[in-house]
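Report on one structure; see the data block that follows.
Order of appearance sets the numbers: ligands from 1, and atoms from 1 within every ligand.
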Amino acid sequence: MMKIRDVSKHFTVKKGSSLSRTRQIVRAVQNVTLDWDLGDFVAIVGESGCGKSTLGRMLAGITPPTSGTITLDGEILGGARGGAQRKAFARMAQLIPQDPYAALNPVRRIKDLFYDPLSYHKMVPRGQIQERVEELLTMVGLNPANVMNKYPNQLSGGQRQRVVVARALTVDPKFLIADESVSMVDVSLRIGIMDNMKAISRQRQLGLMFITHDFRVARYIAQGGRIAVMYLGQIIEQGPTEEVLKQPMHPYTQALISAVPILEGREQRVSEVLPKSYELTGVVPHEGCPFEPRCPLATDICVKQAPELEADPVIAEHLVACHFSTPREMVRDLRVTSA
Ligand SMILES: Nc1ncnc2c1ncn2[C@@H]1O[C@H](COP(=O)(O)OP(=O)(O)OP(=O)(O)O)[C@@H](O)[C@H]1O
Ligand SMILES: [Mg+2]
């Protein structure tokens, strides 16, 4: 079980010229609390810049949190001492990074990309590395003979994405964090890749977290699981996937779902659905609700007081952070194929 408690990540960014330099605090992730267990499918949804990748990197132990704790089976992530323990920890949660191009060393053949993690973590005896690479590539639906000896740029986008998934599996992780894993892949290939990731996660009882800006992808991956919606670093709504999509309670979730196209080719931007356009710079406007500047329901209290993430009186697992949350029945075609 992974327990994420009040986790925040702040970056200090320098602004201006060398004469008048100011510092700005970017709250990339703010007070995120979440439980994530083996076999759990969670989708993290939000616009560009809301902190999804930063959260993913913290859960994979790549970036340390500014505050808060992440524990894996009771042990604090990043707090582990000693080489062996740290190594074991690093294996537990694997991140499938956002950009498959950047993730694969361009001057190494596919089979060689697996060599380092397999030998560093002593996953199999040396003589069996080749066999294991073939097994991993087969697992993600690739023909080993066809890709093993190629370089990353000789593969298609879909194949490259599958290689990145296979590589994350080399160290036998318990938790898999997929960051926008199908957004760079052609729409026609998305379902195949998502089905493969779901099947692997089910077979191995992995916790799967899928980061996406697309509600259709979130729905497909997290059927029967959970969705958490992020805004400016915070989770503003969270609950069983079907509940959140059918009756979203936060005005932001409602706006995001409204932005999903009704008909092919008629995709609206979130900024068109919401009354005011806005760029997510990571800078929170005030101590109140982060969504207040764009919110159609906002009043004075939203500036003064940040709403807590609280349970819905009817469905206890459905949490929302809004002073004026009201469930709204949404009718949208959220099938991936309708994209
Ligand atoms: N190393 C860093 N230094 C400074 N600011 C950062 C750093 N990494 C991220 N940020 C800022 O933190 C915020 C969240 O970034 P993050 O990459 O987590 O967003 P995201 O939700 O993954 O966006 P996208 O959907 O575009 O991938 C942004 O405002 C970003 O500019
Ligand atoms: Mg990202």
Side-chain angles (χ1 to χ4, degrees), residues 4 6-16 21-34 36 42-68 70 77-78 93-103 157 161 164-165 168 176-185 190 193 197 208-218 221-222 227-238 250 252-253 255-257 259-260 267 269-271 274 277-286 290-291 293-294 321 339:
I4 302 146
D6 245 350
V7 162
S8 300
K9 179 75 191 182
H10 296 175
F11 296 104
T12 308
V13 186
K14 294 192 182 98
K15 287 215 136 186
R21 185 159 287 169
T22 54
R23 280 161 184 270
Q24 203 169 36
I25 304 282
V26 172
R27 301 187 202 180
V29 172
Q30 186 68 23
N31 299 109
V32 165
T33 291
L34 195 69
W36 185 23
V42 183
I44 304 280
V45 196
E47 278 171 283
S48 182
C50 73
K52 304 182 295 294
S53 296
T54 306
L55 178 65
R57 280 198 293 271
M58 286 194 285
L59 303 189
I62 298 167
T63 309
T66 306
S67 60
I70 300 167
L77 194 68
Q94 284 289 307
L95 177 74
I96 301 169
Q98 190 158 358
D99 182 356
Y101 283 89
Q161 190 59 61
V164 179
V165 175
L176 209 52
I177 302 146
D179 192 352
E180 299 276 9
S181 288
V182 292
S183 62
M184 291 171 85
V185 175
R190 285 187 190 165
I193 291 179
M197 285 175 78
L208 176 65
M209 180 176 286
F210 209 94
I211 293 172
T212 177
H213 61 275
D214 189 334
F215 267 101
R216 291 164 295 184
V217 168
I221 284 285
I227 282 189
V229 183
M230 280 181 83
Y231 188 80
L232 271 179
Q234 306 185 24
I235 293 180
I236 52 98
E237 181 158 8
Q238 178 192 317
H250 198 286
Y252 179 60
T253 316
L256 282 183
I257 295 176
V260 173
E267 187 139 10
R269 294 177 62 82
V270 181
S271 53
L274 289 168
S277 69
Y278 207 75
E279 187 196 354
L280 291 191
T281 55
V283 180
V284 180
H286 43 61
F291 186 56
R294 286 169 98 183

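- Residue contact check for ligand 1: Gln98 places a non-hydrogen atom closer than 4.0 Å to it.
- The distance from the Mg ion (ligand 2) to the nearest N/O/S atom of Ser48 is not under 2.8 Å.
- Taking any N or O of Cys50, backbone or side chain, at least one lies under 3.5 Å from an N or O belonging to ligand 1.
- The main-chain N or O of Asp6 is found under 3.5 Å from a side-chain atom of Thr33 such that the two form a donor-acceptor pair.
- Within the 4.5 Å cutoff, side-chain heavy atoms of Ile44 are placed close to those of Met230.
- Interface atoms of ligand 1 facing Ser53, defined by a heavy-atom separation under 4.0 Å, are 17 (O), 18 (O), 20 (P), 22 (O), 27 (O).
- Aromatic rings from Tyr231 and His250 are positioned such that their centres are separated by 6.0 Å or more.
- In terms of N/O distances under 3.5 Å, ligand 1 is approached by Gly51.
- At under 3.5 Å, a nitrogen or oxygen of Gly49, whether backbone or side chain, sits near a nitrogen or oxygen of ligand 1.
- Counting the atoms of ligand 1 from 1 in the order shown, those under 4.0 Å from a heavy atom of Val26 are 11 (C), 12 (O), 29 (O).
- With atom 25 (O) of ligand 1 as the reference point, the heavy atom nearest to it among Met230, Met58, Lys52 is part of Lys52.
- Judged by distance alone, the side chain of Arg190 and the main-chain N or O of Val182 form a donor-acceptor pair under 3.5 Å.
- Between OG of Ser53 and OE1 of Gln98, the angle at the Mg ion (ligand 2) works out to 80°, rounded to 10 degrees.
- Within the 4.5 Å cutoff, no side-chain heavy atoms of Arg27 are placed close to those of Ser8.
- Between the Lys52 side chain and the Val45 main chain, no donor and acceptor come within less than 3.5 Å of each other.
- Within 6.0 Å of the OH atom in Tyr101, the count of heavy atoms belonging to other residues, nucleotides or ligands does not exceed 12.
- Within the 2.8 Å limit, Thr54 places no N, O or S atom next to the Mg ion (ligand 2).
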